[in-house]
Structure formats: C-alpha cells, structure tokens
2 protein chains.
Amino acid sequence: MTQIETLPIGELSRQTGCKVQTIRYYEQIGLMPEPARTTGNQRRYDPRHRERLAFIRHSRELGFTLEAIRELLGLTDDPDCSCEMVDDIARTQLLQVNQRIARLSALRTELVRMLEQCRGGRIADCRVIEVLADHTPASCLSQDHEAPIEAGGRHAG
Amino acid sequence: MTQIETLPIGELSRQTGCKVQTIRYYEQIGLMPEPARTTGNQRRYDPRHRERLAFIRHSRELGFTLEAIRELLGLTDDPDCSCEMVDDIARTQLLQVNQRIARLSALRTELVRMLEQCRGGRIADCRVIEVLADHTPASCLSQDHEAPIEAGGRHAG
DNA sequence: CTAGTAGCTCCAGTAACTGGAGGTTCAAGA
DNA sequence: TCTTGAACCTCCAGTTACTGGAGCTACTAG
Ligand SMILES: [Zn+2]
Ligand SMILES: [Zn+2]
Ligand SMILES: [Zn+2]
Ligand SMILES: [Zn+2]
C-alpha cells in the first residue's frame, strides 16, 4: 500500500511561505478546512490543502480581502458556473487599487512640496511643521486627502 | 470681563472634521491634552486645542502614523531646535509612500493582465482563478508581491 | 418643567494577523 | 529503551487607528 503524501504544518508553512500561526488562523476562521490529525493531535495536510493555501496567499498578495477570497473560493465550488462574478470581484479589486494609487500620488505631491520648501533651520521656521499645521490653500494646495489612509503598518519581519 | 472662546466637543468635531469619539481617543492615548471641564464634567476646548487637532488630522491625512505625529508634536515643543529630525520623519514618510505606490503599481499590472486574459466562460476555465491559484512565472509574471498589502479596510462612512 | 440633543464612561469589535506562555508529541541518535 | 530538542498543541493578548453601542447624565430652548 502506497502512502499518500502528508505534510505537518511546518512543512506546509515552508512550502507556501505562510506562517504557521497564519495557517491555524485561516482554519479558525473557516478559510482552510480542518486537516487530518495524528493520534497525538497534530495536523497533517495533503496536497489539496497546499493548493488552497497557495490560492489564498496569492490572492492576499494581490490585495484581496479575506472576505473576497472566501467568496472566490466559494465560487470555485461550482466550476460550471459563469465566471462573471469572479471577474467582478477582480475588477472591484482593480478599481480599489487604482483609487489607492491616486490617493497616494496626491500625498506624495504634498510631501515633496513640503520638503522642498524647507531650507533647514529652526523648528519654529520649518515649512514642514507649518504645512502640517495648516491644510488650507494658503499652505497646502492639495484638496484630495480628506480622509486618512492606512499608514505603513504591519511590523513584519 | 471678556470670556475666552470655548468649544464643546461636538463643536470641535465639526470645526476639524474629526469625530467626537476620535477626539476622546486621542486624549486617551495622550495625543491631545486633557481640556477643561464644566461642573457637569463636560469637555470645553480652546482654540489651541483646535490647532493641535488640525495638525494631527492633516498629518494623518498625509499618512503619518500616530507615533510619528507624537514625535512631531514633541519636537515642536522646542521651536529653537534644528528641524532636521522633523524633515527626517517627513522624508521617511515620503519613502514609504513611494514604496507603497510601487507595490500597488505591480499589483495593478497583474490584475489588469489577469482580467484581460479572461474571455468570460465557465469558472473552470477562468484565467482569473487560474492565475490566483498559481503564482509562478507560468501564470504570473510579476515577482514583486511577496508580502501582503493592506486591502481596502476601514468601513468608513 | 420638560423634551430632546449632546455629552459622559466603559466595553467590544474591526482586519489580518503576530507573539508568547505553558504544555505535549515526534523523530532521531546513543 | 531512553533522552533530547525541535516542532507541535491550545489559549490568550496585542497590534493600528479608530468606530459603535449601552446605559447614564448634562445642558438648553421653549
Ligand atoms: Zn524643516
Ligand atoms: Zn493638505
Ligand atoms: Zn473569468
Ligand atoms: Zn503573482
């Protein structure tokens, strides 16, 4: 009898580049199905788990939310169905990416202008501080950053 | 005796475009100083609070983290000091914005290509699904989205 | 005096993980 | 067989920058 290929969680982690904790987290929220367990209660995955996790990771890398990914995974359960909804989700994602780029470009413009105006002196005279203190046409020409944007984030290693 | 201008929190909120809860939150984490209170324990702000909050908001809109803003506010306490550190914080922020734009542009490229290849048929044949499932040069030419990016986020009204 | 709006505190939840404590299991070598 | 050390387990708390709600109190106009 040939034995089917099974992976412990650390091996799956290595093969997909997804952290062990994250894999467990995906299971907890129902994105990954519960794998088989050894008698000692350790998870053992098969190649289909690996493919599903690769799908999830690649989608995340493309900026899809876990909710969108959940939907995409749901849709793939029905391979004969039209792919309209899949493409819709992807188009929505593209739209959001475009919006985020536009927003960030506006920020860049303002940051650059701010920095250009500073001649390096005392804080009391610093244009950076002045501009930050005053978002009106007098100081800041950009009108399109009304709402905050997620900054940096993820203290990732 | 002339009375100095004081604002209840709702008025400050209206004037700065910052939600009431957010103002209280900034106080809680020590970004905004505790204002005076009425005998009935309600907050009353003065114009300096408004300026400080405007500074915080504009900085947030430019993508600075609250930690960076805390530092900037700390620096302004010493107006005779050189503005080097201020400009450093701003330059770091600009760098991050540039990186985020670069990352998002790569995502856009991949999303666009993915969508172009789909001819609209069954899910089983959908290129979008295929590409999502397979981030290797066979499917996905982009090599620069190794780490996830914050997606959308903030269910803001 | 009363009604309605605005304020108060405290707590929980969001997205998508990450890290740690404290304990158990596995696999390999002696 | 025993031992050692890495890998695994569960549970919980923390991250960022807020947001929303429950349940209560204060202020103000009529
Ligand atoms: Zn300067
Ligand atoms: Zn501005
Ligand atoms: Zn398609
Ligand atoms: Zn890819």
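Residue numbers begin at 1 in each chain, while the letters A, B, ... track the order of the sequences. For the numbers below, each heavy atom of this structure counts, side chains included, while hydrogens, waters and symmetry mates do not.
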Can you measure from [atom1] ([X]) to [atom2] ([Y]) and round to the nearest 0.5 angstrom?
{"X": "A:Leu12", "Y": "A:Thr6", "atom1": "CG", "atom2": "OG1", "value": "11.0 Å"}
{"X": "B:Glu51", "Y": "A:Asp134", "atom1": "CD", "atom2": "CG", "value": "9.5 Å"}
{"X": "A:Gln117", "Y": "A:Ser139", "atom1": "CD", "atom2": "OG", "value": "7.5 Å"}

Does a nitrogen or oxygen in the side chain of A:Thr65 sit under 4.0 Å from OP1 or OP2 of C:dA15? no
According to a strict under-4.0 Å criterion, is B:Thr22 in side-chain N/O contact with OP1 or OP2 of D:dT19? yes
Nearest listed nucleotide, side chain of [X], among [options]:
{"X": "A:Gln42", "options": "D:dC27, C:dC8, C:dC26", "value": "C:dC26"}
{"X": "B:Arg24", "options": "D:dC27, C:dC8, D:dC9", "value": "C:dC8"}
{"X": "A:Tyr26", "options": "D:dC27, D:dC18, C:dC17", "value": "C:dC17"}
{"X": "A:Arg60", "options": "C:dC26, C:dC17, C:dT18", "value": "C:dC17"}

Closest-nucleotide 5' rank along DNA chain D - winner of A:Arg44 and B:Glu67: A:Arg44
Can you tell me how far [atom2] of [N] sits from [atom1] of [X], to the nearest Å?
{"X": "A:Asn41", "N": "D:dC8", "atom1": "CG", "atom2": "C1'", "answer": "9 Å"}
{"X": "A:Lys19", "N": "D:dA7", "atom1": "NZ", "atom2": "C1'", "answer": "17 Å"}
{"X": "A:Ile9", "N": "D:dA7", "atom1": "CD1", "atom2": "P", "answer": "13 Å"}
{"X": "A:Ile23", "N": "D:dT10", "atom1": "CD1", "atom2": "P", "answer": "13 Å"}
{"X": "B:Gln21", "N": "C:dT14", "atom1": "CD", "atom2": "C1'", "answer": "14 Å"}
{"X": "A:Leu7", "N": "D:dC8", "atom1": "CG", "atom2": "C1'", "answer": "15 Å"}
{"X": "A:Tyr25", "N": "C:dT14", "atom1": "OH", "atom2": "P", "answer": "10 Å"}
{"X": "A:Glu11", "N": "D:dC8", "atom1": "CD", "atom2": "C1'", "answer": "14 Å"}

Specify the residue among A:Thr39 and B:Gly40 whose closest nucleotide of DNA chain C lies further upstream toward the 5′ end. B:Gly40
Tell me which of B:Tyr45 and A:Thr38 sits closer to the 5' end of DNA chain C, going by the nucleotide each one is nearest to. B:Tyr45
Heavy atoms only, 4.0 Å cut-off, all strands: where does B:Arg37 land among base, sugar-phosphate and nothing? sugar-phosphate
Under 4.0 Å, counting only non-hydrogen atoms across every strand here, what does B:Arg43 touch: a base, just sugar-phosphate, or nothing? sugar-phosphate
Where do A:His49 and A:Glu34 land on the side chain to side chain donor-acceptor pair (under 3.5 Å) test, with the steps shown first? CA-CA 9 Å; A:His49 285 105; A:Glu34 294 183 20; over 6 Å; no
Contact residues, residues 27-36 of chain B to DNA chain C [heavy atom, < 4.0 Å]: none
Using a heavy-atom distance cut-off of less than 4.0 Å, which residues of residues 69-77 of chain B contact DNA chain C? none
Could you walk me through whether A:Arg127 and A:Glu130 pass the salt bridge (charged side-chain N to carboxylate O under 4.0 Å, His left out) test, one step at a time? CA-CA 5 Å; A:Arg127 275 296 288 165; A:Glu130 271 174 60; 3.1 Å; yes
May I ask you to decide whether [X] forms a salt bridge with [Y], counting only side-chain N to carboxylate O separations under 4.0 Å?
{"X": "B:Arg70", "Y": "B:Glu67", "value": "yes"}
{"X": "A:Arg14", "Y": "A:Glu11", "value": "yes"}
{"X": "A:Arg43", "Y": "A:Glu27", "value": "yes"}
{"X": "B:Glu5", "Y": "B:Arg50", "value": "yes"}

Donor-acceptor pair between B:Tyr26 and B:Arg57 side chains, under 3.5 angstrom: yes
